[in-house]
Protein chains: 2
Amino acid sequence: MSTERLVVIGGDAAGMSAAAQARRLRDAGDLEIVVLEQGDVVSYSACGIPYWVGGQVEDRDALIARTPAEFAARDIAVHTRTRAVEIDAGAGKVVTDAGERIGYDRLLIATGGRPNRPPIPGLDAPGVYGVHRLDDGAAIRAALDAGARRALVLGGGYIGLEMAEALQRRGLEVTVVLADPLPMQLLDADMAERVCAGMGAMGMEMHPDQAVREILVDEAGRARGVRTDAGSYDADLVVLGLGMGPEVALAEQAGIRLGTTGAIAVDRTQRTRSHPEIYAAGDCSQTFHRVTGEATHVALGTHANKQGRVAGSVIGGRAARFAGVLGTALTKVGDLEVARTGLCTTEAEQAGFDYRTDTIEATTRAGYYPGAEDIAIKLLTEAGSGRLIGAQIVGGPGSGKRIDVLAAAIWAGMTAEDLAGSDLSYAPPFSPTYDPVVVAARVVSRIEQG
Amino acid sequence: MSTERLVVIGGDAAGMSAAAQARRLRDAGDLEIVVLEQGDVVSYSACGIPYWVGGQVEDRDALIARTPAEFAARDIAVHTRTRAVEIDAGAGKVVTDAGERIGYDRLLIATGGRPNRPPIPGLDAPGVYGVHRLDDGAAIRAALDAGARRALVLGGGYIGLEMAEALQRRGLEVTVVLADPLPMQLLDADMAERVCAGMGAMGMEMHPDQAVREILVDEAGRARGVRTDAGSYDADLVVLGLGMGPEVALAEQAGIRLGTTGAIAVDRTQRTRSHPEIYAAGDCSQTFHRVTGEATHVALGTHANKQGRVAGSVIGGRAARFAGVLGTALTKVGDLEVARTGLCTTEAEQAGFDYRTDTIEATTRAGYYPGAEDIAIKLLTEAGSGRLIGAQIVGGPGSGKRIDVLAAAIWAGMTAEDLAGSDLSYAPPFSPTYDPVVVAARVVSRIEQG
């Protein structure tokens, strides 16, 4: 009999990180840990689904970091296929879809994200696929195995790009339909244009600025294409990459306070603002932006892991605080790598920054070294202080991970001039004498200096 | 007729960066710029020689960034095949090997590095090659074209590693002979062992702990191998990678003050400590370490470029200061990438730091993603403050450039805990959910916390 019981709703990155960390700090005699997961599996990599569909990964189980049995061996009880249907915060109980009422002393809500599903007729038809759970990946793979030839990808965010790559790798003709003028809305237009042009050059058909009005279905009711304001496009399968919101239905019903972003409001220990015994972490929770200090919502596995860990530490009795996010993100489509961190120009404007910006073009390696590819880096600095506040990268292989240098620099409050003077590495197979990051920092700091 | 004349001795990275920057700031009517270069070419990439030998680059001219004619078009007079043989600091003149005496108002000494040549009998024999000037590369290529089959590489620093790779790529049997117990003396032994084992696994014959006593020559006087304390090794060519010292003969003769490292002592504007009208930059000059604050000497093209630029700015009338070095370095041998920045344990001890250290092993990509390779990262932090003071990386493709994140973090004075909490990028083709850098930072910060 444990002194306390922690119930975790949702068994993916945030939930399982929290459970594991709480267990490290408190043993089973002191803290019972129960995880409720509606699906079959816990601790899976949703980010890996496009690569499973694309065939870089063949075994579904490779996407599963740890099984319920592995958690059970650490005295963490995972109930799969168990959906929490209600939080009775007054009574301190979670009600499951089996009608069970499980009491908690501490509760962690880790219900994750909910793929956006705009009210488009036909969106629920067979042949329309999300990319959220492993079952989604399995269904798309089945459609490919059944001979699908033409794919429509709706949306140009990370999932849209990654699925477009995956489906093209599998030999399908890929058409990307965007409600926005460009893919990658987290980039500035000049950088997003590079992505759009790159995807076109890969043979993907790009249709921007076209909101989808209807999913076209055949007599059997199966999706066969979409109709937009500008026309109709046929396909054998339709993949949704329309972004992700926080899954907060349970929390909202329980009267747990939401934040301005619509995600669950938490403090830096991941404790909710309304119920001191209830925590939230991962894609369902709100966080704050390191540069603006403002509330933000970023659905990403890294944050989910870290926030879960913070919640688990706090529940385990060890002081911990989540340090915020920069909105760092990285993806690729074919050989084109795309990354960003900090603020883009729209965000900088919204946040009230007077800023400087410039974009440089360079190569990923010494110009004479084989495999030197184009790379473009855009930087934003705060006017006056010269402090770095945002960065975007689009380029060939070797470009994307350079965003981490800029993320670290922004995190640390470095100015562009600091970074331009810093001692970054050089060798011909890895960079020109001046790394493109240094070139960008130098150019934008020179703009600051007039 | 210009108001002033700047004479630059040495037409490579430091000298030409200085000349170009001074010209940007002062026009030809105001400042005459004369560069004296003993070789045929200026602005060449010595770092590219191993890749020219290895065949990744076929055209020698690809290693030349700019020609004398291009500089002439910008009113920078470059005299190639012109060796400065004396600086007459009292008279403000440089004497050339043609007996010309060229007056200067400002002088920049950019004489570069001098490959170490220990007093080994036979070191001057034909068949023994340095890797310093383009002519060295041409000579090695000629030896390969003439059918060389077996190569001996003396030394296991960057040049040694890169030449071992190059010669193996060209189909030669490669034997590496080291006076030290391990290659890469700028790494700690545990990390250098990984490099040594990796080179062995590539089929290179590694002979550590064997000082070379004699170059063995045939009847024609041509090098045919080496004799060490432990044995003799045959070869068709012998390549020297025994490190580099500052080339300071001219400066020393002129009474210009040298620093504790034996390189020319300069302040942060690259001005010599003894002669206010004389500057020095690049491999011949001393600099300072950003972490220790102490004088150091690092021969590297990036520093040479930046120091030259600082000297050029100052001579051009614009305030500028060199910001110091971390000793960041990056190289590869085959598929094994090797990088370091800041202090290794020996340096940390010498500098009087109480430090913590740990090494982690991870993968470069998500474990399930094709091409995920092993990476080891070792970090050093200052005890108490937790400030990062050093990092070393050895791993497969995608490992090495991660050193830049650590270099930026050390530059900015970040603690391991700061870095562990920072928002570095994640996507399965690029990293595990927690980037190895974050994993390393977390582990070493936990050691700090006990």
Side-chain angles (χ1 to χ4, degrees), chain A residues 13 45 47-48 51 56-57 59 62-63 158 162 290 300-303 305-306 322-332 337 339 341 366-370 398 400-409 411-414 418-419 421-431 433-435 437, chain B residues 13 45 47-48 51 56-57 59 62-63 158 162 290 300-303 305-306 322-332 337 339 341 366-370 398 400-409 411-414 418-419 421-431 433-435 437:
Chain A
S45 171
C47 320
Y51 308 103
Q56 292 101 322
V57 182
D59 178 12
L63 302 186
Y158 303 104
E162 291 165 4
R290 181 93 177 174
L300 203 67
T302 42
H303 307 321
N305 268 297
K306 285 184 196 167
F322 185 66
V325 304
L326 291 178
T328 307
L330 170 61
T331 188
K332 70 189 267 297
E337 302 184 358
T341 187
Y368 55 77
Y369 195 89
K401 256 292 172 184
R402 282 178 156 102
I403 203 70
D404 285 355
V405 186
L406 294 156
W411 193 268
M414 286 177 90
D418 288 338
L419 186 61
S422 75
D423 187 0
L424 301 191
S425 63
Y426 158 61
F430 299 99
S431 71
T433 315
Y434 287 121
D435 192 274
V437 167
Chain B
S45 171
C47 320
Y51 308 103
Q56 293 101 320
V57 182
D59 178 13
L63 301 187
Y158 303 105
E162 292 164 5
R290 180 92 178 176
L300 203 66
T302 42
H303 306 322
N305 268 295
K306 286 184 196 166
F322 185 66
V325 304
L326 292 178
T328 307
L330 169 62
T331 189
K332 69 188 268 296
E337 302 184 359
T341 187
Y368 56 77
Y369 195 89
K401 256 291 172 183
R402 281 180 157 100
I403 202 70
D404 285 355
V405 185
L406 294 156
W411 194 267
M414 286 175 89
D418 288 338
L419 187 61
S422 75
D423 187 0
L424 302 191
S425 64
Y426 158 61
F430 301 99
S431 71
T433 314
Y434 287 120
D435 192 274
V437 168

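Heavy atoms only: backbone and side chains are in, while hydrogens, waters and symmetry mates are out. In what follows, every chain begins at residue 1, and chains take the letters A, B, ... in the order their sequences are listed. Here the structure is a predicted model, which means the values were calculated and not measured.
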>> Just so I understand: if I count every heavy-atom pair under 4.5 Å between each of A408(A), G421(A), G367(A) and chain B, which residue has the most?
In response: G421(A)
> What part of I403(B) gets closer than 4.5 Å to chain A, counting heavy atoms only: side chain, backbone, both or neither?
Replying inline: side chain
> Relative to chain A, which segment of T331(B) carries a heavy atom at a distance below 4.5 Å: side chain, backbone, both, or neither?
Replying inline: backbone
> Taking the side chain from K306(B) and the backbone from Y434(A), do they hold a donor-acceptor pair closer than 3.5 Å?
Replying inline: no
> Taking A13(B), S45(B), G413(B), G324(B) one by one, which has the highest count of heavy-atom pairs under 4.5 Å against chain A?
Replying inline: S45(B)
> Based on non-hydrogen pairs under 4.5 Å, which of G400(A), P428(A), A427(A) is most in contact with chain B?
Replying inline: P428(A)
> Of all of L406(B), N305(B), V57(B), T341(B), which one pairs up most often with chain A through heavy atoms under 4.5 Å apart?
Replying inline: N305(B)
> Under a 4.5 Å heavy-atom cutoff, which of A412(A), A407(A), P429(A) has the most pairs with chain B?
Replying inline: P429(A)
> Rounded to the nearest 0.5 Å, how far apart are OH of Y426(B) and OG1 of T302(A)?
Replying inline: 8.5 Å
> Which bit of A323(B) comes within less than 4.5 Å of chain A, counting heavy atoms only: side chain, backbone, both or neither?
Replying inline: side chain
> Looking only at heavy atoms, which two atoms of T328(B) and D423(A) are closest? And how far apart?
Replying inline: OG1-O, 2.6 Å
> Quick one: CE on M414(A) to CH2 on W411(B), what's the gap to the nearest 0.5 Å?
Replying inline: 7.5 Å
>> For the interface with chain B, which of A409(A), G301(A), G48(A) has the highest count of heavy-atom pairs at distances below 4.5 Å?
In response: G48(A)
>> Quick one: does any side-chain atom of D404(A) pair with a main-chain N or O of S425(B) as donor and acceptor, under 3.5 Å?
In response: yes
> Which bit of R290(B) comes within less than 4.5 Å of chain A, counting heavy atoms only: side chain, backbone, both or neither?
Replying inline: neither
> So which of V437(A), L300(A), D435(A) has the biggest tally of heavy-atom pairs under 4.5 Å with chain B?
Replying inline: D435(A)
> Between T433(B), L424(B), L63(B), V325(B), which residue shows the highest count of heavy-atom pairs closer than 4.5 Å to chain A?
Replying inline: L424(B)
